[in-house]
Amino acid sequence: MTEAELLVAITPIFRDAFSDDHFVPTMSLSAKDVPGWDSYKQVNILIALEEKFGVKFRSREIDKLANIGDLVRLLGEKLGG
Amino acid sequence: MRPVARPARFRHTSKMPALTWLPTHPDWPAALKAAEASPSLENLTTLAHCNLDFIRTDRLDRLIERVDLNASSPYPTIRLAVLGSATTAHLAGAIRVAGLRHGLAISLYQGEYGQYAQDLLAPDPALAAFRPDFLLLALDGYHLASLDPAAMRARLHQIWHAAAQLGARVIQQTGLPVHPAQLGQNEFLLNSPSSALTQLNRMLREDAPDHHVLLLTIDEEAARHGLDGFHSRTIWHRAKQEISPAAAPYYGDLVARLIAAARGKSAKCLVLDLDNTLWGGVIGDDGLDGIVLGQGSAEGEAFVAIQAYAKALSQRGIALAVCSKNDEANARAPFENHPEMVLKLSDIACFVANWNDKATNIRAIAKSLNLGLEAMAFLDDNPAERALVRRELPMVRVFEMPEEPALVADCIAQSGWFESVALTEDDRNRAAQYAANAARAALQQTVTDIETYLSSLAMRLVWRRFDRVGLTRIAQLVNKTNQFNLTTQRYSEAEIAAMIDAPDWLGLQFRLVDSFGDNGMIGIVLLRGTGATLDIDSWLMSCRVLGRRVEQAMLAVTAEVARARGAMRLRGRFVASGRNEMVRDHYEKLGFAPEPDGFALLDLARYTPPLLPMMIEDEP
């Protein structure tokens, strides 16, 4: 999957998580830009992504994430991109 | 080209406990949009009755918050305080959604992280002002093992007492076995956190009834679904959530079903479809001898297991009803005449078989049993019937029945729809029966006189001639029995079917019932001939009834049948197969006289059956 395809694939999870069907994730977006994106939401999103893509994130990998772009690139690596 | 070694992809498939007894929604985005446009209680409840993951459950919860449940709903308001030793805030949404699913408007008070003891013992005025009806003590396994079991037990008693003074009924979560074992399987030998939790969990079960405490047995759920489904160490270190957010919908349901049970809102009647639900096949098309039920096939045994589970539920006070699209006579036939049916007509409180739609019939059943529709739970293999009942009667609980019959009893059990928190009169009677059975087993150990033991088993040997209903099991016994088998003659099902009406063949099938239950068909005697001497072509028996004098009783039956046919003698022989040594002297032991040609003869005029420790019944 390309990064653009991954962005599309992760969109429903963000929309359900923020109860916002118009939410559009972008590569540069980070938690501080989005109201309600707290650490609890962060854990939920990561678990939902793990379930959806059948991957597991390591603690160290999660600690390094700064924005959605980092997340998409990490997912891409794990999916063997 | 040289093969390139690639690192194994770090794939992972976790098995989260899910609400598998509920249907998945066919079009969640559309349903959500509709519910957001008009967040009525009815719309939200319909969504709550779906198998939702945790993200969607939380989203539904945010919609519920927009509706004033207390003002508008017919559901009773339950004030639930959740006090934890770690983070529990992520469970709140799932608990509220599960409440809706169980007909409860749950209003939540959340304690501060790790403050449960201070909240209760200090006591926190805000908590007292909330006046909780129930108080969930969600203490994590790390915390519960931080004191030695006796000290933790004493502390919990104190906490429970304080909660009771607030007027709240305590729901105590048992310890989730989060600790890695140090010793291994025999961990209990060591004084370790893991063994401390095992001990504490045992103590909780001893103490709960006396303290009027309800247990949320998360340890047993973990045993069923796997610890990893509930607990992730990665998440524990990051967020101090003992229960993984992904398991929240299941956990929320465990909480809500306990409250529902304590408030008498569990289902009280299991409504059963028949064809492909209680047996395989369609009775109206396949007939009594064509339906799949009982020993002889894996599927047949799976349907027996479903019936046995339904029967067990009925014995603890759950009413059973039948709701089938069938001619009534067809629908009743297996209950009356199929020997493998566990459920009998007397187990069914209300029997409805006609061609009306099932919603109408379920309404009629509820009325005749004087139960509300919300007390009905409906089991049907047909997705169209399930969809109709869900649409017409949204208050009726409809199992998303697994296509594999072997999984159905678990589906019913996991739904929690029949959750009970107290024993009924029926349960207590049942407990008395169990005690009697245990006494019987103990008898075997203390009684040295085998005859006394055998009579105490209250055995009944039930026999009938070969028939089509028994065909599959007969063929299975004939072709699989190796040890207790005199001639090891094999016959196909078709050959056996041809013997049923053939004048020179006479087949007898035997089943043994004892105080522990029905052992099913356990023996075959196949006779051939029409003259003065009847040949025993085959004689075989299941080894699980060895040593009970069943073979002597089989001979008593065989001799009587042979006499009735005008025979003077029975003639049998042993044919060594390499695996049937145990019956080499079978005929001699039964009093047959050996002949020079290798056969053994029994003179029927001189044969009288011995006194036997069992009743012999001729099944019509």
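Just so it is clear: chains get the letters A, B, ... in the order the sequence lines come, proteins before strands, and each one is counted from 1. All of these numbers come straight from a predicted model, not from anything done at the bench.
Crowding of B:E404 atom CD: a count of heavy atoms from other residues, nucleotides or ligands under 6.0 Å exceeding 12.
Here B:S232 contributes atom OG and A:K56 contributes atom NZ; the two are 5.0 Å apart, rounded to the nearest 0.5 Å. Taken from OH in A:Y40 to OG1 in B:T87, the straight-line distance is 10.5 Å, to the nearest 0.5 Å. Going from atom NZ of A:K41 over to atom CG of B:D58 covers 6.5 Å, rounded to the nearest 0.5 Å. Taking CD1 of B:I55 as the start and CD1 of A:I45 as the end, the distance is 6.5 Å to the nearest 0.5 Å. Here the straight-line distance linking atom CD of B:E65 with atom OG of A:S19 works out to 9.5 Å at 0.5 Å rounding.
With sequence neighbours left out, B:T45 forms a side chain to side chain contact (heavy atoms under 4.5 Å, CB included) with B:L41, B:H49, B:Y75, B:L100. The ring-ring contact (aromatic ring centres under 6.0 Å, His included) check on B:Y109 picks up B:F130, with sequence neighbours excluded.
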| request: Apply side chain to side chain contact (heavy atoms under 4.5 Å, CB included) to the pair B:F54 and A:I47, showing each step before the final yes or no. | output: CA-CA 10 Å; B:F54 69 108; A:I47 300 169; 3.9 Å; yes
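Interface with chain B: from residues 6-18 of chain A, residues A:I13, A:R15, A:D16, A:A17, A:F18 qualify, criterion being any non-hydrogen pair under 4.5 Å. At a heavy-atom separation below 4.5 angstrom, chain B is approached by A:D20, A:D21 within residues 20-39 of chain A.
Distance alone, capped at 3.5 Å, is enough to place a donor-acceptor pair between the B:R238 side chain and the A:S59 backbone.
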